[in-house]
Amino acid sequence: MTAHFLADTAVLTGRTMRHVTRSLDTIITTAITPIAMMLLFVYVFGGAIDTGSVSYVNYMLPGILLITIASGISYTAYRLFTDMQGGIFERFQSMPIARSGVLWAHVLTSLLANMISLVLVVGVALLMGFRSGADVLAWLAVAGILVLLTLALTWIAVIPGLIAKSIDGATAFSYPLIFLPIISSAFVPTDTMPGPVRAFAEHQPVTSIVNAIRGLFTEQPVGTDVWTALAWCVGILVVAYVLANITYRRRIS
């Protein structure tokens with residue numbers, strides 16, 4: 001059964017990846033928005049924001065990485081929606097393949113496509129002056145957090161992809177996720193925010209994730225931020241995975 005599932009998922013992932021490679025503009029478009037925001041914040045607003053001894057591009061890059069992921073997962077919902085509308089799921093149900101492999105193929109494609117976009121964004125950040133003395137273990141920890149977050153948000157994206165009535169409805173859910181890093185420690189220190197906004201910013205998941213990645217990049221003590229970030233990522237992943245699979249079973253029943 002496991003070998004059957006893995007083989008089916010691999011074949012279906014190849015199918016969805018071919019859709020991406022035939023439309024590379026989706027990856028480029030996904031990367032363009034966060035890169036444009038990075039250019040705007042660094043060269044227009046960066047001089048007005050005090051981040052101490054840390055250069056602003058180093059300070060805000062973790063937030064840009066999260067926005068990159070939030071932008072990318074909207075395409076997962078889009079691809080799922082088009083498959084649902086095109087009757088592909090019904091065709092797959094008539095074939096002797098693992099049903100869960102269909103969803104996992106979209107999720108793994110999202111993960112691979114988002115990793116490519118993240119590499120592009122980091123490459124532009126390096127050209128803009130981003131530097132990190134982090135060792136290999138710290139970089140692996142950052143990659144692990146970003147992979148977990150991508151998986152968590154992708155499983156969230158599966159739900160609107162399955163139930164939306166239009167393309168706009170399938171992709172609109174990502175807008176709040178793109179906006180959420182703005183109200184966090186991603187671009188400005190939270191201690192400059194008014195009371196209620198600061199309370200929200202300091203206790204939402206993006207802030208702990210951003211602080212953990214920033215600490216790993218700058219070789220600063222991450223304290224409890226890394227564990228809080230992991231707890232948020234794993235918690236969101238588990239809940240989103242369960243809800244997405246329940247939605248999928250109801251949708252194809």
Side-chain angles (χ1 to χ4, degrees), residues 5 8-9 12-13 15-17 19-20 23 26-27 29-30 33-34 65-93 95 97-118 145-184 200 204-206 208-209 229-253:
F5 165 75
D8 290 345
T9 302
L12 292 168
T13 301
R15 168 188 170 269
T16 52
M17 280 302 300
H19 289 175
V20 174
S23 182
T26 58
I27 294 179
T29 302
T30 299
T33 298
L65 296 179
L66 268 60
I67 289 177
T68 303
I69 295 171
S71 300
I73 60 169
S74 64
Y75 285 100
T76 301
Y78 169 79
R79 286 190 292 268
L80 269 169
F81 175 81
T82 54
D83 274 359
M84 292 295 297
Q85 296 301 307
I88 298 297
F89 277 70
E90 288 79 4
R91 186 180 305 173
F92 285 152
Q93 287 182 65
M95 301 170 66
I97 61 175
R99 290 188 176 185
S100 57
V102 179
L103 286 188
W104 273 105
H106 282 280
V107 170
L108 292 177
T109 298
S110 172
L111 180 61
L112 292 172
N114 274 288
M115 291 304 105
I116 295 172
S117 296
L118 289 170
I145 292 172
L146 293 175
V147 166
L148 275 176
L149 181 64
T150 302
L151 288 173
L153 296 185
T154 297
W155 279 109
I156 292 177
V158 166
I159 299 171
L162 292 172
I163 65 175
K165 303 300 183 183
S166 66
I167 290 179
D168 290 338
T171 58
F173 82 99
S174 65
Y175 299 149
L177 297 178
I178 295 172
F179 182 73
L180 200 58
I182 305 295
I183 313 176
S184 72
F200 173 80
Q204 60 129 316
V206 169
S208 58
I209 295 170
L230 289 173
W232 273 113
C233 290
V234 173
I236 294 171
L237 173 58
V238 170
V239 173
Y241 175 79
V242 171
L243 293 177
N245 277 275
I246 291 173
T247 303
Y248 178 55
R249 286 194 293 270
R250 290 179 176 176
R251 188 69 173 82
I252 65 175
S253 61

Nearest-0.5 Å distance that lies between atom CG in Asn114 and atom CG in Leu65: 11.0 Å
Nearest-0.5 Å distance, CG of residue Leu118 to CG of residue Leu146: 5.5 Å
NE2-OH distance between His106 and Tyr75, expressed to the nearest 0.5 angstrom: 16.0 Å
Rounded distance [0.5 Å steps], CZ in Arg250 versus CG in Leu162: 12.5 Å
From CA spacing to verdict: side chain to side chain contact (heavy atoms under 4.5 Å, CB included), Met115, Thr150: CA-CA 9 Å; Met115 291 304 105; Thr150 302; 3.6 Å; yes
Partners meeting side-chain contact (heavy atoms from CB on, under 4.5 Å) with Leu177 (sequence neighbours left out): Ala70, Ile73, Leu153, Phe173
Closest non-hydrogen atom pair, Cys233 against Ala152: O-CB, 3.7 Å
Aromatic plane relationship, Trp104 with Trp155 - under 30° parallel, 30 to 60° tilted, over 60° perpendicular: perpendicular
Whether over 12 other heavy atoms sit under 6.0 Å from Phe81 CZ: yes
Stepwise side chain to side chain contact (heavy atoms under 4.5 Å, CB included) test for Val107 and Leu151: CA-CA 7 Å; Val107 170; Leu151 288 173; 3.7 Å; yes
Inter-residue atom distance Thr247.OG1 - Ile159.CD1, 0.5 Å rounding: 5.0 Å
Distance, nearest 0.5 Å, that separates CD1 of Ile156 from CG of Leu243: 9.0 Å
Residue list, side chain to side chain donor-acceptor pair (under 3.5 Å) with Thr154, at least two apart or on another chain: Ser110
Check against side chain to side chain contact (heavy atoms under 4.5 Å, CB included), Leu103 and Leu80: CA-CA 8 Å; Leu103 286 188; Leu80 269 169; 4.1 Å; yes
Side chain to side chain donor-acceptor pair (under 3.5 Å) against Thr109, all qualifying residues, sequence neighbours excluded: Thr16
